[in-house]
Amino acid sequence: MKRSELPDPFEQARVETGFGEMNDQNDPVTMLLRLKDVRKTAHNWKTFQSGAEPGRIVVPSEVNIRDTRQIPFEVDPPMHGEYRKVVEPWFKRPLEEAYQAKLKQQINDIVDEVLAKDSVEVVSDFSLKLQSRALTLLLNTPYEESDVWIGWGTHVFRSEGVALDGDKANILYDYIDAEIDRAIENPTNDLYSVLLNSEVNGKKLTKEEVKGVMILTFAGGRDTVINAVTNSIAYFADHPESLSRLQQAPEITGKAVEELIRYFSPLTHMGRVVTEDTQVCEHAAKADSRVSLCWASANRDGNVFDKPNEVVLDRKVNPHVAFGFSHHNCLGATHARQIMHILLMTLAQKVKSIEILDAKDNVEDLDQFQRKVGFDSLTVKFNPSI
Amino acid sequence: MAKITFITTDEAQITVEGDSGSLMELAVQNSVQGIDGDCGGVCSCATCHVYVEPEHVEKTGEASEIEKDMLELDDNANEYSRLCCQIEISDQLDGVILRVAP
């Protein structure tokens with residue numbers, strides 16, 4: 001098996017029953033595995049809610065480490081839509097040319113940095129740095145701020161061997177509290193200041209609401225982007241022909257981004273809380289229990305995707321759900337897509353090949369399933385094109 | 001060359017010409033408001049939803065099953081709905097009128 005391969009551990013259960021079961025801190029989760037079911041359930045916010053106790057729709061549950069509601073993520077319609085209207089234009093800024101030029105410069109610089117080295121540990125010395133620096137653009141904060149975030153390590157909530165690390169979470173929450181206070185004192189053009197100045201239904205956002213948006217922005221875009229970037233490097237190490245193809249046919253880059261994101265599915269699943277007794281896949285789902293929408297499984301559904309376990313770089317029809325589906329689709333997707341797009345263009349242009357020197361898989365324990373989501377560490381040598 | 005008309009939700013009418021690529025790409029290139037095409041045209045994001053004017057439905061043809069599945073869960077979809085990333089530009093489309101969905 002190639003090092004970059006991410007096997008599909010859900011296939012048998014997806015075909016046979018359509019669901020899997022996972023215990024999570026005594027709050028079990030029924031995982032929905034088929035694309036159609038995942039979509040339908042994501043769309044049905046009345047029966048499968050996001051606005052439950054803060055932290056409960058996340059798997060593993062964060063109810064024990066967080067009281068702040070993430071916004072708009074843990075809010076249901078119609079209020080969800082009101083929040084979304086406020087934040088959406090800001091999160092579409094990655095479509096602007098000036099934003100893309102800055103991101104391109106950042107990615108250009110970091111690729112040059114790693115090309116000059118004999119060996120690079122991709123997770124901490126490439127992906128984490130790239131993700132953190134790019135986040136300064138999304139937040140419109142000074143570039144130097146990224147050094148603080150890089151210092152936190154690869155996971156905001158998770159330490160090695162510990163699924164949920166309350167101390168680490170507090171570092172983030174305390175940091176955000178301090179930044180909000182700073183923005184109240186000295187407003188700038190950053191996201192904190194813009195949010196503090198925003199109104200929903202005629203009322204200014206409270207500090208707690210601003211904090212909810214900021215936690216979501218930090219937490220949602222960290223592991224996911226790091227995994228997508230690291231997995232891309234592993235993929236191109238195993239597939240140098242794909243690098244040359246992208247170099248020769250840059251017009252397929254957009255399709256390649258979608259396909260890699262489908263294949264990687266950096267976020268395995270997201271939960272919902274059931275509001276009334278119902279059924280999923282002919283399986284009873286009781287009120288106040290949890291289900292999860294397993295994006296990673298849905299994205300390998302053989303009823304929808306031809307050759308689901310292969311990366312088909314120019315896949316033309318690709319109705320994946322790697323960024324979620326319906327009301328709660330990923331707010332940071334525009335930013336993430338730009339990162340991937342520019343990364344692929346830059347690698348295709350500057351890198352001839354990548355050698356994997358050492359790799360340690362990051363495997364999620366989902367009880368019934370073990371899913372490789374990326375790497376704990378990946379050491380490579382980048383070889384330049386010229 | 002086909003003449004394509006988009007009508008945005010605020011009733012702005014934009015007529016453009018194209019000879020290749022998808023209608024979504026044409027709309028994005030011409031900054032048609034409400035057509036985002038976030039996923040670049042692979043039928044994954046539903047941000048290029050349009051209604052084909054009833055008298056022009058023959059020009060665009062029917063949606064594929066995958067496209068129909070996407071539209072089925074869009075609250076604003078109706079029988080004239082299409083994701084315009086899935087419509088390739090050809091002479092056959094000449095004169096088509098599309099309303100951008102909200």
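Quick note: numbers below take in every heavy atom, side chains included, and nothing from hydrogens, waters or symmetry partners. We name chains A, B, ... by the order of the sequence lines, and we start the count at 1 in each one.
The number of heavy atoms from other shown groups lying within 6.0 Å of NZ (B:Lys68) is above 12.
Proximity to chain A (any heavy atom under 4.5 Å) is restricted, for B:Gln86, to the side chain, taken from C-beta onward. Neither the backbone nor the side chain of A:Arg262 comes within contact range of chain B; no heavy atom of the residue lies under 4.5 Å from a heavy atom of that chain. Looking at A:His43, only its side chain comes within 4.5 Å of chain B, counting heavy atoms on both sides. The parts of A:Lys40 that come within reach of chain B are both its backbone and its side chain, each placing non-hydrogen atoms under 4.5 angstrom from that chain. For A:Phe325, the part lying under 4.5 angstrom from a heavy atom of chain B is the side chain only.
Between B:Tyr51 and B:His49, the distance separating the two ring centers is shorter than 6.0 angstrom.
No side-chain heavy atom of B:Glu53 sits less than 4.5 Å from a side-chain heavy atom of B:Tyr80. With contacts defined as side-chain heavy-atom distances shorter than 4.5 Å, the pair A:Leu246/A:Met345 does not qualify. Between A:Leu33 and A:Met31 the shortest side-chain heavy-atom distance falls below 4.5 Å. The shortest distance between side-chain heavy atoms of A:Gln131 and A:Val229 does not fall below 4.5 Å.
When each of A:Asn318, A:Val321, A:Leu35, A:Asn329 is checked for heavy-atom pairs under 4.5 Å with chain B, A:Asn318 comes out on top. Comparing A:Glu259, A:Lys316, A:Lys255, A:Arg337 by heavy-atom pairs within less than 4.5 Å of chain B, the highest count is held by A:Arg337.
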